[in-house]
Amino acid sequence: MVVEVGYAQAWDLEACAPWRPISAEAARKRDAAGLSYVVVYREPGREAPLEVRLVSWRDHYVGLWVYDAQGRRTYDLDMRLLDDPSRLLRRYSVA
């Protein structure tokens, strides 16, 4: 399967399309600066995207949206970086 990757400043929920497309270089610069952007994965010939990733390092956030062939969001995942990594894993001793 061939997958095309595109970038944009945001995602238009109503149109199910990228809003203000940007180049890969512009996306790299936004990423380095912590600014938000989206990554869109498409299969050639398919109208709906396969997947959309919403990235905002300044907000400690990455979102993942997966779409079916009819453009319906079938899966989503919100990932956040923790301010205090010690909250991620707590070790308990068993006596």
Side-chain angles (χ1 to χ4, degrees):
M1 172 191 302
V2 174
V3 176
E4 299 172 343
V5 179
Y7 304 90
Q9 288 184 17
W11 183 250
D12 184 331
L13 289 171
E14 287 185 29
C16 195
W19 182 77
R20 294 197 176 175
I22 59 176
S23 68
E25 180 60 29
R28 277 191 281 280
K29 288 179 180 176
R30 292 181 73 84
D31 188 81
L35 300 173
S36 61
Y37 64 99
V38 297
V39 184
V40 182
Y41 297 86
R42 292 189 178 279
E43 184 178 8
R46 178 178 153 153
E47 192 170 323
L50 295 167
E51 184 177 295
V52 175
R53 295 183 189 183
L54 303 98
V55 181
S56 180
W57 296 123
R58 179 176 41 198
D59 298 318
H60 306 277
Y61 174 79
V62 175
L64 168 70
W65 294 346
V66 177
Y67 289 87
D68 68 10
Q70 287 75 41
R72 297 174 297 208
R73 193 179 330 161
T74 58
Y75 182 80
D76 59 73
L77 178 67
D78 289 331
M79 297 173 277
R80 298 198 178 269
L81 293 172
L82 298 176
D83 293 340
D84 180 2
S86 66
R87 291 188 293 177
L88 180 62
L89 178 64
R90 294 179 187 219
R91 296 187 179 157
Y92 297 97
S93 59
V94 178

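Values below: all heavy atoms of this structure, side chains included; hydrogens, waters and symmetry mates excluded. Just so it is clear, the model here is predicted, and its values are computed rather than measured.
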Side chains of [X] and [Y]: closer than 4.5 Å at any heavy-atom pair?
| X | Y | result |
| --- | --- | --- |
| Val38 | Tyr7 | no |
| Leu54 | Val62 | no |
| Lys29 | Ile22 | no |
| Gln9 | Ser36 | no |

Could you tell me whether the side chain of [X] and the main chain of [Y] form a donor-acceptor pair under 3.5 Å?
| X | Y | result |
| --- | --- | --- |
| Asp59 | Tyr61 | no |
| Asp12 | Cys16 | no |
| Arg42 | Glu47 | yes |
| Arg46 | Ala48 | yes |

Cluster overlap [X] with [Y], hydrophobic side-chain contacts below 4.5 Å:
| X | Y | answer |
| --- | --- | --- |
| Met79 | Val55 | yes |
| Leu50 | Trp11 | no |
| Tyr75 | Met1 | yes |
| Trp57 | Val39 | yes |
| Leu77 | Val66 | yes |

Please say which of Leu64, Val5, Val40 ends up in a side chain to side chain contact (heavy atoms under 4.5 Å, CB included) with Arg53.
->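 Among Leu64, Val5, Val40, the one meeting side chain to side chain contact (heavy atoms under 4.5 Å, CB included) with Arg53 is Leu64.
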
Hey, could you give me the CG/NE2 distance between Leu81 and His60, rounded to the nearest 0.5 Å?
->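 Output value for this atom pair is 7.0 Å.
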
Supply the atom-to-atom distance Trp19 CH2 to Leu13 CG, rounded to the nearest 0.5 angstrom.
-> 12.5 Å

Minimal heavy-atom distance between Tyr67 and Pro49, with the atoms involved, is CB-O, 3.2 Å

